[in-house]
Visitor: 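Got a structure for you, questions after.
All of these numbers come straight from a predicted model, not from anything done at the bench.
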Amino acid sequence: MNNLRFFVSPSWLLEHLNHPLIVIVDCRFSLAHPDLGKQQYQENHIENSYYLDLNHNLSSTVKNHGGRHPLPNINDLALKLSAMGVDFQKTLVVAYDDSRLCFASRLWWLLRYLGHEKVVVLDGGFTAWQKLGYPVTNITPPVVDSGNYFAPNVNTEMVVDIEGVKNRKDLPTVALVDSRTSDRYRGEHEPIDKTAGHIPGAVNYPWLDVTSSSGYLLSSSEQRQRWEKLECAEEIIVYCGSGVTACVNLLSLAIANIHTGKLYAGGWSDWISYD
């Protein structure tokens, strides 16, 4: 199917639920209620799916700098992926959530950062799956002891730190993209971080514009149209509050066949930590 490299439909996943080279990962999470995603997973989830938590698995410990969701410890995540049966560059990982791909895209980006390109998101997420009446379960799949170890090959070129942003954001060949909602970008509303506003020189491409209100991805042509003003940039540095929703924009860029996007993982929460 088209764009199988980036996303799959619920009907496609239903047909491949028991495929031996597919691992499904539930990424549901709530920033306001950090335990909610795991509770929801324990109540019901897509059959054969494992759970990865944003705070505990897809991020590392918060420090003075580095933002609210620093990138996870690579070895810890690799061990977790191994226990789920993910064989490096062989297993297709399908990530889903119920937040318009917010947390699923974080896992999508992380796996590609680790060199594992066989990863997609579930278009429409868990919400679409349920609305279609597809089966759910509360049974947790077992830990896998296959003898295989997920051996990451980290691509450091995919991520930029604060010094990289400072040094490159004003170059004519570089675009700096703020992925937060427009009111947060403009500094009119800041529900999370201590300081409102945006990094000087950044343009605003809200992450919610990547999907429809029902959570389905816009078409590849619509994704490309979103980025037409920036597609000539040699580098697009994307950030948000803490490196999570920015990954939705990076997914959008990939679907649009624009592969110059990089993540400023610390985001606005890291930027303001140096004030």
Side-chain angles (χ1 to χ4, degrees), residues 3-7 27 58-59 67 69-72 93 95 100-121 123 152-182 184-185 198-211 217-271:
N3 283 303
L4 181 60
R5 285 195 304 148
F6 305 120
F7 63 89
C27 300
L58 306 183
S59 306
H69 293 105
L71 296 183
V93 177
R100 293 176 66 172
L101 305 180
C102 170
F103 307 109
S105 292
R106 169 79 166 200
L107 177 58
W108 173 85
W109 183 87
L110 278 171
L111 280 167
R112 294 173 69 85
Y113 172 64
L114 298 183
H116 186 87
E117 296 183 356
K118 294 180 71 65
V119 55
V120 294
V121 297
D123 196 14
N153 182 21
V154 177
N155 183 357
T156 57
E157 294 298 313
M158 290 177 58
V159 67
V160 180
D161 62 12
I162 189 169
E163 292 305 317
V165 175
K166 288 179 177 179
N167 292 336
R168 305 211 287 272
K169 71 181 184 68
D170 296 320
L171 296 176
T173 56
V174 175
L176 180 63
V177 171
D178 188 314
S179 303
R180 297 171 301 163
T181 55
S182 296
R184 290 184 69 191
Y185 167 78
H198 62 266
I199 299 174
V203 292
N204 187 213
Y205 283 71
W207 70 278
L208 286 170
D209 292 347
V210 175
T211 56
L217 286 157
L218 303 184
S219 67
S220 57
S221 60
E222 289 173 307
Q223 302 289 359
R224 191 165 190 87
Q225 187 175 8
R226 285 188 75 225
W227 300 106
E228 61 182 356
K229 292 182 180 179
L230 302 183
E231 62 182 348
C232 291
E234 295 179 8
E235 183 178 57
I236 301 175
I237 301 174
V238 185
Y239 77 92
C240 57
S242 62
V244 179
T245 57
C247 294
V248 184
N249 263 337
L250 289 166
L251 173 64
S252 172
L253 282 165
I255 294 172
N257 199 32
I258 300 172
H259 302 287
T260 54
K262 298 184 179 182
L263 177 67
Y264 171 29
W268 179 245
S269 58
D270 177 56
W271 183 268

Visitor: With a 4.5 Å heavy-atom cut-off, do Leu58 and Phe103 have their side chains touching?
Guide: no
Visitor: Donor-acceptor pair, distance only, cut-off 3.5 Å: does the side chain of Arg106 make one with the backbone of Gly243?
Guide: yes
Visitor: Out of curiosity, Leu110 CG to Ser59 OG, how far, rounded to the nearest 0.5 Å?
Guide: 8.0 Å
Visitor: Kindly compute the distance separating OG (Ser242) from CH2 (Trp268), expressed to the nearest 0.5 Å.
Guide: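 Reported value, rounded in 0.5 Å steps: 13.5 Å.
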Visitor: Between atom CD of Glu231 and atom CZ of Arg226, what is the distance when rounded to the nearest 0.5 Å?
Guide: 13.5 Å
Visitor: Could you tell me which non-hydrogen atom of Ala265 sits nearest to which non-hydrogen atom of Val159, and how far apart they are?
Guide: CB-CG2, 4.0 Å
Visitor: Distance from Gln223 atom CD to Asn249 atom CG, nearest 0.5 Å?
Guide: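 Between Gln223 CD and Asn249 CG, I get 9.0 Å after rounding to 0.5 Å.
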Visitor: Considering all heavy atoms of both residues, which atom of Val248 and which atom of Cys102 are nearest to each other, and what is their separation?
Guide: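 Result for this residue pair: CG2-CA, 3.7 Å.
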Visitor: Identify the heavy atoms of Thr181 and Pro206 that sit nearest to each other, and give their distance.
Guide: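 For Thr181 and Pro206, the tightest heavy-atom pair comes out as CA-CB, 4.4 Å.
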Visitor: Are His259 and Asn257 close enough that some pair of their side-chain heavy atoms sits under 4.5 Å apart?
Guide: yes
Visitor: Are Ile199 and Leu176 close enough that some pair of their side-chain heavy atoms sits under 4.5 Å apart?
Guide: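 Ile199 reaches Leu176 side chain to side chain.
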Visitor: So, Asp178 and Tyr239: side-chain donor and acceptor under 3.5 Å apart, yes or no?
Guide: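 Side chains of Asp178 and Tyr239: pair found under 3.5 Å.
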Visitor: So Trp207 and Val244, do their side chains get closer than 4.5 Å, heavy atoms only?
Guide: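 Val244 does not reach Trp207 side chain to side chain.
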Visitor: Could you tell me whether the side chain of Ser220 and the main chain of Ile255 form a donor-acceptor pair under 3.5 Å?
Guide: no
Visitor: Which heavy atom of Leu263 sits nearest a heavy atom of Cys247, and at what distance?
Guide: CD2-SG, 4.2 Å
Visitor: To the nearest 0.5 Å, tell me how far Arg184 CZ sits from Thr245 OG1.
Guide: 7.5 Å
Visitor: Please evaluate residues Leu253 and Val238 with respect to the criterion side chain to side chain contact (heavy atoms under 4.5 Å, CB included), reporting the C-alpha separation (whole Å), side-chain torsions for both, the decisive distance (0.1 Å), and the verdict.
Guide: CA-CA 10 Å; Leu253 282 165; Val238 185; 4.1 Å; yes
Visitor: For Leu251 and Ser105, which heavy atoms make the closest approach, and how far apart are they?
Guide: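 Shortest heavy-atom contact: CD2-OG, 3.6 Å.
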Visitor: Using the rule given for side chain to side chain contact (heavy atoms under 4.5 Å, CB included), can you reason through Asn155 versus Arg112, listing the C-alpha separation, both sets of side-chain angles and the distance that settles it, and then say yes or no?
Guide: CA-CA 8 Å; Asn155 183 357; Arg112 294 173 69 85; over 6 Å; no
Visitor: Between Arg168 and Val160, does the side chain to side chain contact (heavy atoms under 4.5 Å, CB included) criterion hold? Intermediate values first, please.
Guide: CA-CA 10 Å; Arg168 305 211 287 272; Val160 180; 3.5 Å; yes
Visitor: List the steps, then state whether ring pair (Phe, Tyr, Trp, His ring centres under 6.0 Å) holds for Trp227 with Tyr205.
Guide: CA-CA 9 Å; Trp227 300 106; Tyr205 283 71; 4.6 Å; yes
Visitor: If we ignore hydrogens and angles and just use 3.5 Å, is the side chain of His116 paired with the main-chain N or O of Leu111 as donor and acceptor?
Guide: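 No, because the side chain of His116 does not come within donor-acceptor range (under 3.5 Å) of the backbone of Leu111.
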Visitor: Flag the pair Ile237 / Lys169 as yes when at least one side-chain heavy-atom distance between them is below 4.5 Å, and no otherwise.
Guide: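 Contact flag for Ile237/Lys169 side chains = no.
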Visitor: Do Phe6 and Val121 have side chains that approach each other closer than 4.5 Å (heavy atoms only, starting at C-beta)?
Guide: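 The answer is no, as the side chains (C-beta and beyond) never meet within the 4.5 Å cut-off.
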Visitor: Distance-only, no hydrogens or angles: does the Lys262 side chain make a donor-acceptor pair with backbone N or O of Glu235 under 3.5 Å?
Guide: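 No, Lys262 side chain to Glu235 backbone: no donor-acceptor pair under 3.5 Å.
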Visitor: Using side-chain heavy atoms (C-beta onward) and a distance below 4.5 Å, is Glu117 in contact with Arg5?
Guide: no
Visitor: Take Trp108 and Leu101 through the test side chain to side chain contact (heavy atoms under 4.5 Å, CB included) and record every step on the way to the result.
Guide: CA-CA 10 Å; Trp108 173 85; Leu101 305 180; over 6 Å; no
Visitor: Using modelled atom types only, decide if a donor and an acceptor are shared between the side chain of Asp123 and the backbone of Leu217 within a distance under 3.5 Å.
Guide: yes
Visitor: What is the minimum heavy-atom distance between Leu230 and Ile236, and which atoms define it?
Guide: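 Result for this residue pair: O-CD1, 3.9 Å.
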Visitor: So does Ala246 get a backbone contact from the side chain of Tyr264, meaning a donor-acceptor N/O pair under 3.5 Å?
Guide: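 A pair under 3.5 Å: no.
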Visitor: Return the CG to OG distance between Asp209 and Ser182, rounded to the nearest 0.5 Å.
Guide: 7.0 Å
